[in-house]
Amino acid sequence: MPHNYWLFKSEPETYGFDRLEREGRTEWSGVRNYQARNLMKEMRVGDLGFFYHSSTKDTGIAGIVKVVREAYPDFTARDRKSPYFDPKATEAKPIWEMVDVAFERRLPRFVSLAELRANPALAATMVLLKKGSRLSVQPVHPREWKIVLEMSEGTAGA
DNA sequence: GCCAACGTTGGC
DNA sequence: GCCAACGTTGGC
């Protein structure tokens with residue numbers, strides 16, 4: 001049984017859900033926002049999350065991932081060649097952390113951002129839908145999780 | 001490409 | 001500690 005539900009944003013041109021399905025598992029590195037980092041620290045093995053495609057033509061939820069390793073230092077922060085390099089990160093104080101996630105399953109169908117917005121049961125509460133929300137890792141309420149799953153089992157717009 | 005909203009930085 | 005300036009995110 002999963003403990004909590006989450007949402008992970010990714011730009012499909014950089015790393016999409018199709019690629020995770022092929023590779024099976026990945027390190028969620030490169031998060032450089034304290035709030036998002038703190039949320040990752042709360043994640044437990046077995047937690048599930050939505051995989052959200054952002055900054056692309058078809059924004060929305062593509063599938064489900066599972067947390068397979070709890071927070072540990074994000075080594076890209078100490079890699080000078082990485083775009084996520086942070087000179088303030090040290091071995092003793094890595095600052096940034098990441099989790100590992102694995103492909104869990106596809107949704108019956110893609111649920112678009114427009115559809116999520118159009119659902120009044122989600123619009124008021126879901127972090128993703130709040131005005132100006134930019135968090136790349138977000139908590140999802142079990143109620144919201146269930147609603148999105150139900151939407152993906154129905155037809156678009158229904 | 002535009003631009004609103006956000007988080008961070010740095011001067012004071 | 002305040003807050004203006006800046007860089008980034010991300011939908012449209």
Side-chain angles (χ1 to χ4, degrees), chain A residues 4-21 23 26-43 47-65 67 71-101 103-104 106-141 143-145 147-152 154-158:
Chain A
N4 280 304
Y5 297 108
W6 310 98
L7 180 144
F8 295 84
K9 272 188 200 171
S10 187
E11 300 185 12
E13 285 75 22
T14 305
Y15 196 102
F17 192 63
D18 288 349
R19 183 165 162 199
L20 180 62
E21 181 171 25
E23 297 181 356
T26 193
E27 292 152 343
W28 209 261
S29 61
V31 172
R32 296 293 177 268
N33 170 285
Y34 288 103
Q35 207 180 334
R37 182 205 64 183
N38 293 343
L39 289 169
M40 288 199 295
K41 285 178 159 184
E42 292 179 26
M43 295 180 183
D47 284 1
L48 299 178
F50 289 131
F51 193 110
Y52 177 83
H53 282 173
S54 67
S55 298
T56 188
K57 189 167 75 67
D58 297 307
T59 52
I61 296 172
I64 295 177
V65 302
V67 175
Y72 62 106
D74 179 346
F75 54 80
T76 64
R78 300 190 58 229
D79 175 1
R80 279 180 189 286
K81 296 198 191 78
S82 167
Y84 303 115
F85 176 69
D86 182 348
K88 294 191 295 298
T90 64
E91 188 166 8
K93 277 197 164 184
I95 306 179
W96 303 112
E97 305 207 13
M98 61 188 177
V99 296
D100 288 357
V101 301
F103 174 86
E104 175 70 11
R106 293 199 155 269
L107 289 178
R109 68 173 182 81
F110 183 87
V111 181
S112 73
L113 176 62
E115 264 183 88
L116 296 170
R117 277 199 197 291
N119 189 332
L122 296 176
T125 62
M126 205 169 171
V127 175
L128 180 74
L129 306 178
K130 290 194 175 156
K131 189 178 172 184
S133 171
R134 302 192 321 192
L135 262 188
S136 62
V137 172
Q138 306 178 357
V140 172
H141 191 281
R143 185 182 63 81
E144 298 163 349
W145 183 267
I147 292 170
V148 174
L149 289 188
E150 285 166 1
M151 289 173 79
S152 78
T155 52

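Per chain, numbering begins at 1; letters A, B, ... match sequence-line order. Keep in mind that what you see is a predicted model, and the values were worked out from it rather than measured.
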Any side-chain N or O of A:Lys131 under 4.0 Å from OP1/OP2 of B:dA4? no

Flag for A:Asp100-A:Trp28: side-chain donor and acceptor within less than 3.5 Å: no

For atom CG of A:Leu129 and atom P of C:dG11, their distance in whole Å: 10 Å

Candidates C:dG10, B:dT9, B:dG7 - which lies nearest the side chain of A:Ser55: C:dG10

Phosphate OP1/OP2 of B:dG7 contacted by A:Arg37 side-chain N/O (<4.0 Å): no

Under 4.0 Å, counting only non-hydrogen atoms across every strand here, what does A:Thr59 touch: a base, just sugar-phosphate, or nothing? sugar-phosphate

A:Ile95 CD1 to B:dG7 P: how many Å, rounded? 18 Å

Rounded off to whole Å, could you give me the CD-to-P distance for the A:Gln35 and B:dA5 pair? 18 Å

Between C:dG10 (P) and A:Arg117 (CZ): distance, integer Å: 12 Å

To the nearest Å, give me how far apart OH (A:Tyr84) and C1' (C:dG7) are. 16 Å

Just by distance, no angles: are the side chains of A:Arg117 and A:Ser112 close enough, under 3.5 Å, to form a donor-acceptor pair? no

Could you tell me how far apart A:Asp86 (CG) and B:dG7 (C1') are, to the nearest whole angstrom? 14 Å

Proximity to the side chain of A:Arg134 - top-ranked nucleotide from C:dG11, B:dT9, B:dC6: B:dC6

Sub-4.5 Å side-chain heavy-atom contact between A:Val137 and A:Met43: yes

Pick one: which of A:Tyr5, A:Phe8, A:Trp145 meets ring pair (Phe, Tyr, Trp, His ring centres under 6.0 Å) with A:Phe50? A:Trp145

Heavy atoms only, 4.0 Å cut-off, all strands: where does A:Lys130 land among base, sugar-phosphate and nothing? nothing

What is the distance from NZ of A:Lys9 to C1' of C:dT8, rounded to the nearest Å? 12 Å

Nearest-Å distance, CG (A:Asn33) to C1' (B:dA5)? 14 Å

Check for me whether the distance between the ring centres of A:Phe51 and A:Phe103 falls short of 6.0 Å. no

Once you apply a heavy-atom cut-off of 4.0 Å, does A:Arg32 come out as touching a base, just sugar-phosphate, or nothing? nothing

Which of C:dG10, B:dT8, B:dT9 is nearest the side chain of A:Tyr34? It is B:dT8

